[in-house]
Asker: 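Structure below; questions to follow.
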Amino acid sequence: MTATAAELRRAVLTLFDPRGCPDPYPLYALLRDEAPVYRTPEGTVIVSRFTECDRVLRDSTFRVEDEDFVARTLPERKDNITVVSLMGEMVNKNSPHHERLRRLVSKAFTPRRVAGLRPAVERLVDQLLDGMQAEAAEGPVDLMSRFALPLPVTVIGELLGIPENERAWFGPRVETVTAAIERDLSEPYLAASDTAMRELWDRLGKLAADRRAAPRDDMLSTLIKARDEDGDRLSERELLANLVLLYSAGYETTSNLIGNGLVALLERPELLARLRAEPDGIDAWIEEMLRFDPPVQIASRWAGTDTELGGEPVGEGTYVIALLASGNRDPRRFDDPESFVPGRSEGSSLTFGAGAHFCLGAALARMEAQIAFPRLLERFEDIVHANGPAQPRSWLTALRGYPELPLKLVPRGT
Ligand code: HEM
């Protein structure tokens with residue numbers, strides 16, 4: 001059946017409806033089949049098949065919204081501190097500025113540093129499970145606030161070198177900034193975000209000054225020292241902007257990997273039982289969780305030159321949205337994509353992006369989930385929703401997840 005223009009328009013409006021879209025997947029399927037390169041009346045192009053999403057991420061013709069873009073399109077906001085900070089993040093830089101920042105940050109964020117965190121992550125997971133077990137004796141336990149969030153928040157705090165007693169202070173400020181980004185930097189969210197960002201820069205600036213005076217063995221100290229072959233280093237603004245990026249990217253996503261992954265298993269008890277029986281193959285299960293219901297559902301770019309996508313002309317300046325989560329369910333790439341099948345052989349999904357901006361924290365996120373799931377299942381022999389099926393967050397633009405996941409937990413051996 002061929003969808004009408006009105007049906008396609010309704011699907012797109014539903015996907016981006018600020019009131020939320022509890023299940024975007026049937027809408028993604030409609031777009032993939034009927035309008036894989038969909039043009040909105042405003043001129044935005046939305047791609048939903050794997051090949052076009054992958055191309056938009058890998059082809060540097062498609063540019064991220066950088067400082068120049070914002071100066072042109074949002075001149076009245078370019079001096080807001082939220083915007084200044086966002087525009088200093090590597091994720092919002094194009095070549096050659098992007099490579100420079102990524103190279104400098106990568107000098108501190110090394111695979112060795114991530115691997116070195118493993119024992120600390122194992123200890124932390126066990127501590128959080130102890131807390132959940134104690135609470136489970138009294139009634140339902142919320143997985144998100146007791147486990148899925150504190151785990152990556154603590155890990156990223158530890159990694160960067162943010163003192164333990166200050167970590168709780170950072171969370172609400174980072175979330176205020178994210179809320180403004182998700183609402184297109186509109187008021188009153190932008191004003192609240194500017195206050196939060198000023199406080200974040202102030203606090204991180206003081207921490208950086210402390211580390212400059214007395215370096216430690218943490219990533220912040222290494223970032224301050226990091227130099228290129230030609231002696232180039234991060235400016236103070238670049239340092240602060242990318243600390244905010246690492247901190248926020250480090251936990252708002254990983255927490256949803258844990259939440260979305262567990263929901264997928266709870267909806268498939270036979271799979272949950274299989275994973276309990278074979279926890280050694282956990283890496284393949286985490287890859288499938290990442291593909292199946294990704295925490296980051298979309299990425300956006302703009303066309304830096306006249307080009308085409310899927311045979312459709314795309315003019316210079318066109319805003320392009322790649323529906324990553326839709327590409328992950330494209331049957332042209334993945335066999336039986338609506339089924340959860342650990343150990344697929346079709347290759348990587350789009351969950352961590354692709355190309356120059358491929359997620360810098362992918363190894364860390366994977367490690368946290370690979371440690372968390374087997375221990376969670378080992379600790380509790382029965383895990384069920386306490387209040388019926390979970391409700392995804394009501395605001396979908398880029399991030400998908402559950403604000404809370406109340407569970408009934410039965411510890412092993414009780
Ligand atoms: C499951 C968890 C995660 C998911 C799904 C995820 C997803 C993504 C995606 C899709 C991108 C590319 C965005 C684009 O191309 O527009 C990205 C970039 C990035 N991510 Fe992640 N991320 C996760 C965890 C993390 C963690 C734990 C960190 C850091 C501690 C991190 C740091 C970054 C950074 C710095 C970039 C920018 C890279 C660049 O522009 O070169 N992410 N992430």
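Ligands are counted one by one from 1 in listed order, and the atoms in each one are counted from 1 as well.
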Asker: Is it the case that over 12 heavy atoms from other parts of the model lie below 6.0 angstrom from the CG atom of D184?
Answerer: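 For D184, atom CG is not crowded (no more than 12 foreign heavy atoms under 6.0 Å).
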Asker: Given L27, which of L323, V12, L8, L15 fulfils the side chain to side chain contact (heavy atoms under 4.5 Å, CB included) condition?
Answerer: L15
Asker: Please verify whether a non-hydrogen atom of Y247 lies at under 4.0 Å from ligand 1.
Answerer: no
Asker: Any idea which atoms of ligand 1 are less than 4.0 Å away from a heavy-atom of A356?
Answerer: 41 (O)
Asker: Just which atoms of ligand 1 are under 4.0 Å from any heavy atom in H98?
Answerer: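 Atoms satisfying the 4.0 Å criterion: 39 (C), 40 (O), 41 (O).
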Asker: Looking only at protein heavy atoms, which one is nearest to atom 22 (N) of ligand 1, and what is the separation?
Answerer: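 Going atom by atom, the protein heavy atom closest to atom 22 (N) of ligand 1 ends up being C359 SG, 3.1 Å.
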Asker: How far is atom 6 (C) of ligand 1 from the closest protein heavy atom, and which atom is that?
Answerer: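 Its nearest protein heavy-atom neighbour is F352 CD2, 3.7 Å.
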Asker: Starting from atom 30 (C) of ligand 1, which protein heavy atom do you reach first, and at what distance in Å?
Answerer: I156 CD1, 3.4 Å
Asker: Under 6.0 Å between the ring centres of W302 and F69?
Answerer: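 Ring centroids of W302 and F69 are less than 6.0 Å from each other.
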Asker: Think R333 forms a cation-pi with F50, using NZ or CZ under 6.0 Å from the six-ring centre and within 45 degrees of its axis?
Answerer: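 Verdict for F50: a cation-pi partner in R333.
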Asker: For atom 26 (C) of ligand 1, what's the nearest protein heavy-atom neighbour? Residue, atom name and distance, please.
Answerer: A249 O, 3.4 Å
Asker: Where is the nearest protein heavy atom to atom 14 (C) of ligand 1: which residue, which atom, and how far?
Answerer: R301 NH2, 3.5 Å
Asker: To which protein heavy atom is atom 28 (C) of ligand 1 closest, and what is the distance rounded to 0.1 Å?
Answerer: G361 CA, 3.5 Å
Asker: What do you reckon, is CZ of R332 surrounded by more than 12 foreign heavy atoms closer than 6.0 Å?
Answerer: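 More than 12 within 6.0 Å, yes.
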Asker: Is there a donor-acceptor pair closer than 3.5 Å between any side-chain N or O of D142 and the backbone N or O of E404?
Answerer: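 No.
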Asker: Do the rings of F340 and F292 sit parallel, tilted or perpendicular, given the 30° and 60° boundaries?
Answerer: perpendicular
Asker: Of the side chain and backbone of Y251, name the one, both, or neither that has a heavy atom under 4.0 Å from an atom of ligand 1.
Answerer: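 For Y251, no heavy atom sits under 4.0 Å from ligand 1.
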Asker: Does E164, at its CD atom, have more than 12 non-hydrogen atoms belonging to other residues, nucleotides or ligands within less than 6.0 Å?
Answerer: no
Asker: For atom 12 (C) of ligand 1, find the nearest protein heavy atom and state the residue, atom name and distance (0.1 Å precision).
Answerer: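 Among all protein heavy atoms, the one nearest atom 12 (C) of ligand 1 is H357 O, 3.5 Å.
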Asker: Keeping S221 on the side-chain end and R216 on the backbone end, is there a donor-acceptor pair under 3.5 Å?
Answerer: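 Indeed, once roles are kept as given, a pair shorter than 3.5 Å links the two residues.
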Asker: Which residue owns the protein heavy atom closest to atom 24 (C) of ligand 1, what's the atom, and how far is it?
Answerer: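 Checked against all protein heavy atoms, atom 24 (C) of ligand 1 sits closest to T253 OG1, 3.2 Å.
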Asker: Within the 4.0 Å heavy-atom shell around V91, which atoms of ligand 1 are there?
Answerer: 37 (C), 40 (O)
Asker: Is the terminal nitrogen or CZ of R49 (NZ for Lys, CZ for Arg) located under 6.0 angstrom from the six-membered ring centre of Y28 and within 45° of that ring's axis?
Answerer: no
Asker: Report, in ascending order of atom number, the atoms of ligand 1 lying under 4.0 Å from any heavy atom of T351.
Answerer: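 That gives atoms 5 (C), 7 (C), 10 (C) of ligand 1.
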Asker: Answer with side chain, backbone, both or neither: which part of M90 has a heavy atom less than 4.0 angstrom from an atom of ligand 1?
Answerer: both
Asker: Could you check whether R291 makes a cation-pi contact with F334, meaning its NZ or CZ is under 6.0 Å from the centre of the six-membered ring and within 45° of the ring axis?
Answerer: yes
Asker: For G353, counting its heavy atoms only, list the atoms of ligand 1 lying under 4.0 Å from any of them.
Answerer: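 Result: 10 (C).
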Asker: Is it the side chain (CB and beyond), the backbone, both or neither of L245 that lies under 4.0 Å from ligand 1, heavy atoms counted?
Answerer: side chain
